[in-house]
Amino acid sequence: MATSEARYRLPRNVTPTAYRLTFEPDLDAARFDGSEEVDVTVHEPVTEIVLNANELTVHGGSLVAGDRTIEVEKVVPDAEAERVTLSLGETADPGAWTLRLTFAGELNDKLVGFYRSVYPDADGAERVIATTHFEATDARRAFPCWDEPDLKASFGITLVVREGLTALANGPEVEREALGDGRVRVRFADSMVMSTYLVCMVVGPLTVTEAVDARGVPVRVACVPGKEHLAGFALDTAVYSLNWFGDYYAIPYPDAKLDQVAIPDFAQGAMENLGLVTYRETLLLADPDKSTPAELLDVAETVAHELAHMWFGDLVTMRWWNGIWLNEAFATFMSYRCVDEMRPDWRVWDSFARNKANAFEVDALESTRTIEYPVHSPDDASGMFDTLTYTKGGAVLRMLEQWLGPDRFRDGIRRYLRTHAHANTETHDLWDAIEAETGEPVRRVMDAWIFQAGYPAITVAREGDELVFGQHRFLPSAPEDPTTWPVPLIVRQIHAGGEHVDRVLVEAEGLRLPIAADDAVVVGNAGGASFVRVFYDDELRERLVARAGELLTPIERQGLVDDAWGAAVAGRASAAAFIDLVRGFTDEDDPGVWKAIIGGLGWCDRFLSGAPRDGFRDAVRDLVRPALDRLGWDPRPEDSDLDHELRGDLILALGVLGDDPETQAQAREAEALGRNGGDVAPAVAAAAVEVVAATGGEAEYDTFWASYTSARTPQEEDRYLYALGRFGDPALMARTLEASMTDAIRPQNAPFLMLRATTNRDLGPQVWTFIADHWDAIRDRIAESNVIALAAGLRFITDPDAVASAQAFFEDHDIPQNRLMLRQFLERQRVMAAFRARAEDELAARFGG
Ligand SMILES: [Zn+2]
């Protein structure tokens, strides 16, 4: 424990073993009364007890053992430290005691702690749900507690609620008693011992679906009435995931039931409360026939992620918040692993590679951080929920799994969970378990990846009969960084005689491998398994590019495109070289590869105007149209989900980047048809919404507002909502921004609407000016954890004046809960502005004629 951390850690002279909690929430008055009995162990004689409480009124209580009672004489709150000190009337001796306290608090509107979520019912009347979100340190807003992850205890919850309301908690309901005053007392089974941040309760006018069975575990979905028909996909995914994880971990699901609740107001994506997982509606409720494959993947991946946590996180938990990365990285890795088994046709690791591309850009910054990072304060803990934790963390676990082999890796995970069930761990406990199972130097390899910032560029060159592998840290600015890694790498050589695969560790001094054949095509990062970029010498690269379509897997082609893009952004290659590479992909038919191509082209489009932009649009049409012609607009019986997705991607690229009038006209038809319930493939409908917005005017805008407010599914609602930031008319953008400050747009969505609006090619600076002008008002309206989203789009604003103004703004505006992410967003804006300064002329010269 670091000294600065001690300020945020409770004394350990009294520790809890079991909480019995009773809450009486008054939904109309937006407040609650609570009482608790906590079985504690007193480890040394004490005259006071210190525990966490935040914005709670603690009335008082007593400490009881057998027939001995010690009154709490004084309750001293410390708002800044989020603690209360209970002064005892006399000294409590070591041993087992029960602490009894009564307290009260507000049902707040901050989307943390015990909070209110509201929705209009079928008659338009406002209905209130009381729900909780505690991670990382907000259980203390609902009840006085030892709010640190290693102070595990069991939790028995009782809710006193108005008759007719649904009441849910972590455990199954075991007792229900009418109180005769219109209320019922509902008692839930005790949980296993777990951390405070996993406690959850939900009370409100909700519908609960019939239970489906997962090997004896009843699985249900709860949501606002009228949406229960959208629960089937999440239920199926949950049952599949629970069964699959039970097999993978070789440990049964650690609770007696699973409820998943869609909450209308929810700051995060979802939360892995044991047995009572909470979600944004759009990540739980979906109609498979009306959702795009990407939207369904979001639901499936989120459900699997949360359920992976039931074991990894809930059963075995990090000791302190510096270990949160492993919790999240592992759940991310496992969710893709599970969904890949459930839907192999989705090739979800290819989708994960798109997230990896974003992590690569962040991790190439000077302001990047190590994956495992010191965490002292609650603000530090909040800052850990970022792309480096989820995506880079997940990617290095995937790298380890692929390098060791999936079965050996899984055996290590099983050993880890067996050894530490119901307890807390440090990161190295995982490496040690896998090392013990495999005999490989797992701890040495992984320590380098989690305690060093950045990642390597691997160079591959041919020298005679050998391939020579080297490494250096990939950085845009300071190429002389001495950091090296033990790099687990899978190298594939394809030649006339077949294929040769090596699993190697590239150390600091590099590595030499025999070339398998004179004509071998060398893939330096086979399967995209490692968290590296690869750069080849001219001979190897030409050979690879020439036969990429034929010999490389889609994820390997995606890597080729993305590495070229990364090199251009970093100033190691020209933007024109990227254009030259992707122009060779006319036969491409994979959506992941196309997303990498279109992503780069979208940036180039931002840097061009006048005649060069016209030339660029011609080039985009030449590249994209043949691929769309091969697929056609109308779904074919043989189409896979990836074909559907690709069709949508290509329509969007041709309609917006290619500015193709014919595509735009067709998109208008498809959007109108889809809006009126006609038969349009969801991916086409979704793409059409964006094309129409990008090219539409006031009439379309008004229609989109109406479609947003009357959407039939959460996915449709999101499509129309976020499209409101895509229109090109400044007056319409002003309307969107004004609306995002009103009840017309939920606080959970407003920051993300603003983020997407910031990416608007022509109106980004207008959006940024609005955000800066309304900074305090926006902050007051949205969840603290979402404030950082307001800065996340800055990199898309690259004209020098706007860059200067945004950078200056943050010299006196702080986001303490995400300070490091803010620095990264600001640096990323400077990197992209510098890229623009180089690329503008190159691209203008390339497309000027
Ligand atoms: Zn998670």
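In this text the structure is predicted, and so the values were computed from the model without any measurement. Throughout, numbering of the chain's residues begins at 1 and tracks the sequence.
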**Prompt:** With a 4.5 Å heavy-atom cut-off, do Lys227 and Leu284 have their side chains touching?
**Reply:** no

**Message:** Does any part of the side chain of Phe188, heavy atoms only, come nearer than 4.5 Å to the side chain of Val174, both counted from C-beta?
**Reply:** no

**Fill in**
Applied to residues 151-168, the salt bridge (Lys or Arg N to Asp or Glu O under 4.0 Å) test, sequence neighbours excluded, yields Asp28-Arg162

**Request:** Sorted by first residue and then second, give each side-chain hydrogen bond (donor to acceptor under 3.5 Å, both in side chains) pair with at least one member in residues 67-77; sequence neighbours left out.
**Result:** Arg68-Glu90

**Request:** Apply the test side chain to side chain donor-acceptor pair (under 3.5 Å) to residues Asn170 and Ser191: give CA-CA distance (whole Å), side-chain angles for both, the deciding distance (0.1 Å), then the verdict.
**Result:** CA-CA 7 Å; Asn170 299 92; Ser191 73; over 6 Å; no

**Asked** Quick one: CG on Leu107 to CZ on Arg31, what's the gap to the nearest 0.5 Å?
**Response** 9.0 Å

**Request:** Sort and list the pairs that fulfil side-chain hydrogen bond (donor to acceptor under 3.5 Å, both in side chains) and have at least one residue in residues 102-111, not counting sequence neighbours.
**Result:** Glu55-Lys110, Asp109-Arg116

**Prompt:** Got a sec, which pairs hit salt bridge (Lys or Arg N to Asp or Glu O under 4.0 Å) with one end in residues 815-825, sequence neighbours left out?
**Reply:** Asp814-Arg819

**Message:** What I want to find out is whether Arg220 reaches Asp259 closely enough, with some N-O distance under 4.0 Å, to be called a salt bridge.
**Reply:** yes

**Item:** Test ring pair (Phe, Tyr, Trp, His ring centres under 6.0 Å) applied to Phe114 - qualifying residues, sequence neighbours left out
**Value:** Phe23, Phe32

**ring pair (Phe, Tyr, Trp, His ring centres under 6.0 Å) partners of His420, counting only residues at least two apart** = Tyr416

**Message:** Using the side chain to side chain donor-acceptor pair (under 3.5 Å) definition, which of the options Thr196, Asn54, Thr137 pairs with Asp147?
**Reply:** Thr196

**Fill in**
Sorted by chain and number, sequence neighbours left out, ring pair (Phe, Tyr, Trp, His ring centres under 6.0 Å) with Trp325 holds for none

**Request:** Tell me, please, which residues at least two apart from Phe810 pass ring pair (Phe, Tyr, Trp, His ring centres under 6.0 Å).
**Result:** Trp768, Trp775

**Request:** Output every pair passing ring pair (Phe, Tyr, Trp, His ring centres under 6.0 Å) with a member in residues 42-97, not counting sequence neighbours, ordered by first then second residue.
**Result:** none

**Message:** Once ring pair (Phe, Tyr, Trp, His ring centres under 6.0 Å) is applied, what residue pairs with a partner in residues 147-178 remain, sequence neighbours excluded?
**Reply:** Tyr19-Phe155

**Request:** Could I get the full list of side chain to side chain donor-acceptor pair (under 3.5 Å) partners for Gln260, not counting sequence neighbours?
**Result:** Tyr279

**Request:** Before giving the answer on side chain to side chain donor-acceptor pair (under 3.5 Å), spell out for Asn786 and Gln748 the whole-Å C-alpha distance, their side-chain angles and the decisive distance to 0.1 Å.
**Result:** CA-CA 8 Å; Asn786 292 157; Gln748 68 159 10; over 6 Å; no

**Request:** Only counting residues at least two apart or in another chain, list the ones meeting side chain to side chain donor-acceptor pair (under 3.5 Å) with Glu126.
**Result:** none

